[in-house]
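Heads up, the thing below is written out as structure tokens.
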Amino acid sequence: MEDAAVVLNAIAGYDPLDSTSIPAEPPDYTDGLKDGVRGLRIGVVPEYLGDGIDPAVAESVKAALVVLKSQGAVVEEIALPTSRAALAVYYILAPSECSANLARYDGVKYGYSDQEADSMWAALDATRRNGFGAEVRRRILMGAYALSAGYYDAYYKKAQQVRTLIRREFHDAFQRVDVLALPTSPTTAFEIGGIVDPIVMHANDICTIPANIAGIPGISVPCGFADGLPIGLQLLGPHLSEPTLLRAAYAYEQASEWHNLHPEL
């Protein structure tokens, strides 16, 4: 975690050419990294330790929380029922944005361009046909459907409304705790090529997508193994809580040996 803090120090800061960048001086992320977690309030999210979560993953996360509690952290249960809808929300909003943005991709100004065609329109068609992979095409089609006339309100607008509910749910949770803890993935890491079904791959994002939908920072740290494959503990915090997340992750890392172990490949 110390190297992560050093890297964040190097890349954090205001970018006047980025409209999403915060015009403020970032802190030194290595400062206070080793202060420990005594008194830190950690919320355990039960929705991510039950149905759909591999029992071995849930047990490893619970064991990690016992370690943090032994170091002085205060652990309590925090329910986030609406956040389970984050996966569905994401796979409406992200493909919709993908479809809208890639509708402007023509291969003229940047990126891949097919130069073998005889006309501009043929070149545009060939660029999109040959430049987009299967997953990109799938998302364009999903997004085009969600944004089409008659479905916009039913899908895209509704997803934005649920997103607002999820953001409020996280905001309320952080009034009670400093950090939320849940698995990084519902299963262990899978072998290369072990999952080819896109639906299964999408479902594997269920634990990490909520942070993206809520727009909050998160960090993952190794917390166990099952069947020789690693398991991750994910810590989430409110806006600009990166120093707290790094401190909590560092404290757990130093109290365990999982980060020193590697799966047999």
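If you read the sequence from its start, that first residue is 1, and numbering goes on from there.
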Task: Between OG on residue Ser70 and CG on residue Leu68, distance to nearest 0.5 Å - done: 7.5 Å

Task: Single-linkage hydrophobic cluster, 4.5 Å side-chain cutoff, Trp258 and Val67 together - done: yes

- [ ] Determine the minimum heavy-atom distance between Leu87 and Ala203, stating which atoms define it.
- [x] CD2-CA, 3.8 Å

Task: Distance, nearest 0.5 Å, that separates CG of Asp54 from OG of Ser60 - done: 9.0 Å

- [ ] Check whether any side-chain heavy atom of Asp114 lies under 4.5 Å from a side-chain heavy atom of Leu124, and answer yes or no.
- [x] no

Open item on the list: Whether the side chain of Ser256 engages the backbone of Tyr252 through a donor-acceptor N/O pair (distance < 3.5 Å, no angle test) should be reported.
Closed with: yes

Open item on the list: When you group the ILVMFWY residues by side-chain heavy-atom contacts below 4.5 Å and let the links chain together, are Val45 and Ile206 in the same group?
Closed with: yes

Open item on the list: If you apply the rule side-chain hydrogen bond (donor to acceptor under 3.5 Å, both in side chains), what do you find for Tyr48 with Ser83, and how did you get there?
Closed with: CA-CA 10 Å; Tyr48 297 93; Ser83 70; 2.8 Å; yes

Open item on the list: Grouping I, L, V, M, F, W and Y whenever their side-chain heavy atoms are under 4.5 Å apart, do Ile219 and Val75 come out in a common cluster?
Closed with: yes

- [ ] Return the minimal non-hydrogen interatomic distance between Leu40 and Ala248, and the atom names on each side.
- [x] CD2-CB, 3.8 Å

- [ ] May I ask you to check whether Tyr112 and Tyr105 place their ring centers less than 6.0 Å from one another?
- [x] no

- [ ] Please name the pair of heavy atoms, one in Gly228 and one in Pro263, separated by the smallest distance, quoted to 0.1 Å.
- [x] O-CB, 3.2 Å

Task: Heavy-atom donor-acceptor pair, Ser21 side chain to Leu17 backbone, under 3.5 Å - done: no

TODO: Please check if Leu165 and Phe170 belong to a single hydrophobic cluster, counting links between Ile, Leu, Val, Met, Phe, Trp and Tyr side chain heavy atoms closer than 4.5 Å.
DONE: no

Task: Heavy-atom side-chain proximity of Glu169 to Pro81 below 4.5 angstrom - done: yes

TODO: Kindly indicate whether the side chain of Val44, heavy atoms from C-beta on, has any atom under 4.5 Å from the side chain of Glu76.
DONE: no

Open item on the list: Could you tell me if the side chain of Lys158 sits less than 4.5 Å from the side chain of Asp153, heavy atoms only?
Closed with: no

Open item on the list: Any heavy-atom pair between the side chains of Val179 and Leu236 that's under 4.5 Å?
Closed with: no

- [ ] For the residue pair Gln115 and Ser113, confirm or rule out a side-chain donor-acceptor distance under 3.5 Å.
- [x] yes

Open item on the list: Please check if the number of heavy atoms outside Arg168 that lie under 6.0 Å from its CZ is greater than 12.
Closed with: no

Task: Contact check, side chains of Val221 and His259, non-hydrogen atoms, under 4.5 Å - done: no

Open item on the list: Closer than 4.0 angstrom, basic N to acidic O: yes or no for Asp178 and Arg41?
Closed with: yes

Task: Sidechain-backbone polar pair: Ser241 side chain, Thr244 backbone, donor-acceptor under 3.5 Å - done: no

Open item on the list: Please determine whether the number of non-hydrogen atoms from other residues, nucleotides or ligands lying under 6.0 Å from atom CG of Asp18 exceeds 12.
Closed with: yes

Task: Flag, side chain of Gln234 to backbone of Ser220, donor-acceptor distance under 3.5 Å - done: no

Task: Nearest-0.5 Å distance that lies between atom CD in Glu59 and atom SG in Cys223 - done: 11.0 Å

Open item on the list: Is there a side chain to side chain contact (heavy atoms under 4.5 Å, CB included) between Thr20 and Asp15? Walk through the geometry before answering.
Closed with: CA-CA 9 Å; Thr20 66; Asp15 182 353; over 6 Å; no

TODO: Output the distance between atom CG (Leu33) and atom CE (Met1), rounded to the nearest 0.5 Å.
DONE: 9.5 Å

Open item on the list: Grouping I, L, V, M, F, W and Y whenever their side-chain heavy atoms are under 4.5 Å apart, do Val37 and Leu182 come out in a common cluster?
Closed with: no

Open item on the list: I need the minimum non-hydrogen distance between Pro186 and Val57, along with the two atoms involved.
Closed with: O-CG2, 3.8 Å

Open item on the list: Pair Leu8, Leu246 - check side chain to side chain contact (heavy atoms under 4.5 Å, CB included), show working.
Closed with: CA-CA 10 Å; Leu8 189 54; Leu246 285 164; 4.1 Å; yes

- [ ] Using a 4.5 Å cut-off on heavy atoms from C-beta on, say whether the side chain of Val74 contacts that of Ile42.
- [x] no

Task: Nearest-0.5 Å distance that lies between atom CZ in Arg167 and atom CD1 in Ile213 - done: 9.5 Å

Task: Remaining members of the apolar cluster that contains Tyr14, side-chain heavy atoms under 4.5 Å - done: none

Open item on the list: Donor-acceptor check, side chain of His239 to backbone of Pro217, threshold 3.5 angstrom: yes or no?
Closed with: no

TODO: Check the side chains of Glu257 and Asn260 for a donor-acceptor pair under 3.5 angstrom, ignoring hydrogens and angles.
DONE: yes

TODO: Give a yes or no on whether the backbone of Phe132 and the side-chain of Arg137 come within a donor-acceptor separation of less than 3.5 Å.
DONE: yes

Task: Check ion pair Arg128-Asp125 (N to O, under 4.0 angstrom) - done: no

Task: Backbone N/O of Gly143 and side chain of Ser99: donor-acceptor pair under 3.5 Å - done: no

Task: Atom CD of Glu116: over 12 foreign heavy atoms under 6.0 Å - done: no

Task: Exercise: identify the closest heavy-atom pair between Leu235 and Ala249 - done: CD1-N, 3.9 Å

Task: Arg84 side chain to Glu47 backbone, donor-acceptor under 3.5 Å - done: yes

Open item on the list: With a 3.5 Å distance limit and no angle check, can you tell me whether Asn9 reaches the backbone of Tyr29 through a side-chain donor-acceptor pair?
Closed with: yes

Task: Any donor-acceptor N/O pair, Gln160 side chain to Tyr156 backbone, under 3.5 Å - done: no

TODO: Could you check Asn204, Ile231, Ile53 and say which one makes a side-chain contact (heavy atoms from CB on, under 4.5 Å) with Thr187?
DONE: Asn204

Open item on the list: For the CZ atom of Arg163 and the OG1 atom of Thr82, what is their distance to the nearest 0.5 Å?
Closed with: 15.0 Å

Task: Minimum heavy-atom distance Ala85-Ile166, with the two atoms named - done: C-CD1, 4.3 Å

- [ ] For atom CG of Asp51, decide whether the heavy atoms of other residues, nucleotides or ligands shown that lie under 6.0 angstrom number more than 12.
- [x] no

- [ ] Answer yes or no: is there a side-chain heavy-atom contact under 4.5 Å between Gln254 and Lys34?
- [x] no

Open item on the list: Tell me whether the count of non-hydrogen atoms from other residues, nucleotides or ligands lying under 6.0 Å of CZ in Arg129 goes above 12.
Closed with: yes

